[in-house]
Amino acid sequence: MHWKLHWSERYRGAMKSSWIGLLLCLAAPVAWIATLDQPFLRRTGLAAFVLCALGLALLWQGKTKDGRKRSSVMLGLGAAVTLLLVLGGFVLTRLPAAGFSQRFASQDAKAQAFELPDQTGQSVALSGVLEKGPVLLVFYRGSW
Amino acid sequence: MQAELEKRGGTILAISVDTPAENLQVVQSQKLGFRILSDQSRAVTSSYGLLHEGGGPDGGDIPVPAMLLLRSDASVTWKHVSKMVVDRVDPSDVVAAVRAL
């Protein structure tokens, strides 16, 4: 009787840390999205990775205390979320910026002339606008 | 940013690969005080080395977000290109570049 009670309580405590750990890992992507307005946090994903670290620590603690398969699976899930965040944040969302950097690497690189229609259909030549003064060109990904 | 630029006789030109009609909608809904040019053929985007092939939501080719500040002789005095999808320029950097014109 006594040892049974002892073990079930031990499991329960361990499962609790596993669940909290998993929740922290799942909250990490949300934390990254919520901090996109902060340039440093947006670039580093720090808020998300702090949550992941805490979550993984709890999941590890749960696994070592519990020792059952369920806690190992939960640890695996937490690790998968962390890995996806690393991949998504730093690998999959990398943009091909090398072409631009090469083109404008030299100090005396000049912008190529072009002529394109504006939102009213009126043709706009860069050279014509430059005659009036400096120009800030903004390339953006478009609206969808 | 725009005010600082206009004080120096400057102009903002945005470039997208959408149609002029779509750009008109953006200008009106965001109440933009500058023009958006339409580079549907991607020729200009490519010539600036900014084409992200297959980067669009439906696998289309779209630009990498970038900004260039040009002096009247078309020389590039300041530039920024995003290396990651979430990477955007800090507006205060642009203002500093404009003030240094």
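Order of the sequence lines fixes the chain letters, A, B, ..., with proteins taken first and strands second; residue numbering starts at 1 for each chain.
- Contact of B/Leu5 with chain A is made through the side chain alone, with heavy-atom distances under 4.5 Å.
- Here A/Lys110 is the residue among A/Glu131, A/Gln122, A/Lys132, A/Lys110 with the most heavy-atom pairs under 4.5 Å with chain B.
- One finds the CZ atom of A/Arg141 at 6.0 Å from the NE2 atom of B/His52 (value rounded to the nearest 0.5 Å).
- Using a 4.5 Å cut-off between non-hydrogen atoms, the part of residues 77-106 of chain A that approaches chain B consists of A/Gly89, A/Phe90, A/Thr93, A/Arg94, A/Leu95, A/Pro96, A/Ala97, A/Gly99, A/Phe100, A/Ser101, A/Arg103, A/Phe104.
- More than 12 heavy atoms of other residues, nucleotides or ligands sit less than 6.0 Å from atom CH2 of B/Trp78.
- Criterion: ILVMFWY side-chain heavy atoms under 4.5 Å apart, direct or through other members. Under it, B/Ile15 and B/Val26 are not part of a common hydrophobic cluster.
- Hydrophobic cluster membership differs between A/Trp32 and A/Leu46, with clusters built from Ile, Leu, Val, Met, Phe, Trp and Tyr side chains linked at under 4.5 angstrom.
- With chain A as partner, the option from B/Ser47, B/Ser16, B/Ala14 having the largest number of non-hydrogen pairs under 4.5 angstrom is B/Ser47.
- Distance CG/A/Leu137 to OG1/B/Thr11: 10.0 Å, rounded to 0.5 Å.
- Under a hydrophobic-cluster definition in which Ile, Leu, Val, Met, Phe, Trp and Tyr are linked whenever side-chain heavy atoms come within less than 4.5 Å, directly or via other members, A/Leu51 and A/Met74 are assigned to different clusters.
- Grouping the Ile, Leu, Val, Met, Phe, Trp and Tyr side chains by contacts below 4.5 angstrom, directly or via other members, places A/Val73 apart from A/Leu58.
- Contact of B/Thr45 with chain A is made through backbone and side chain together, with heavy-atom distances under 4.5 Å.
- Of the inter-residue distances, the one linking A/Leu126 atom CG with B/Leu70 atom CG reads 6.0 Å to the nearest 0.5 angstrom.
- Between the B/Tyr48 side chain and the A/Ala111 main chain, no donor and acceptor come within less than 3.5 Å of each other.
- The distance from atom CZ of A/Phe40 to atom CG of B/Asp90, rounded to the nearest 0.5 Å, is 14.0 Å.
- Between atom CG of residue A/Leu136 and atom OG1 of residue B/Thr77 there is a gap of 11.0 Å, rounded to the nearest 0.5 Å.
- Both the backbone and the side chain of B/Val76 come within contact range of chain A, each with at least one heavy atom under 4.5 Å from a heavy atom of that chain.
- By the 4.5 Å heavy-atom criterion applied to side chains, A/Gln119 and B/Leu32 are not counted as neighbours.
- With a threshold of 4.5 angstrom between heavy atoms, B/Ile36 approaches chain A through its backbone and through its side chain.
- When the options B/Val64, B/Leu13, B/Leu68 are evaluated for a side chain to side chain contact (heavy atoms under 4.5 Å, CB included) with A/Phe139, the one that passes is B/Leu68.
- If you measure heavy-atom distances from B/Val89 to chain A, you find no contacts under 4.5 Å at all.
- The choice from B/Ala66, B/Ser75, B/Pro65, B/Gly9 that makes the most heavy-atom pairs within less than 4.5 Å of chain A is B/Ala66.
- Residue contact with chain A, scored on non-hydrogen atoms closer than 4.5 Å, involves the backbone of B/Ser46 exclusively.
- In B/Asp73, the CG atom is crowded: over 12 heavy atoms of neighbouring residues, nucleotides or ligands sit closer than 6.0 Å.
- Ranking B/Ala74, B/Ser41, B/Gly10, B/Ala97 against chain A, the residue ahead of the rest is B/Ala74, based on heavy-atom pairs under 4.5 Å.
- Residues A/Tyr140 and B/Val85 do not share a hydrophobic cluster, clusters being chains of Ile/Leu/Val/Met/Phe/Trp/Tyr side chains in contact below 4.5 Å.
- Both the backbone and the side chain of B/Arg35 come within contact range of chain A, judged by heavy atoms closer than 4.5 Å.
- With rounding to the nearest 0.5 Å, the separation of NZ in B/Lys83 from CZ in A/Arg43 is 11.0 Å.
- Atom CD of B/Glu4 has more than 12 neighbouring heavy atoms from other residues, nucleotides or ligands inside a 6.0 Å radius.
- Interface summary for chain A: among B/Thr19, B/Leu51, B/Val94, B/Val81, the most heavy-atom pairs under 4.5 angstrom belong to B/Val81.
- Shortest non-hydrogen contact noted between B/Pro20 and A/Gly121 is CB-N, 4.5 Å.
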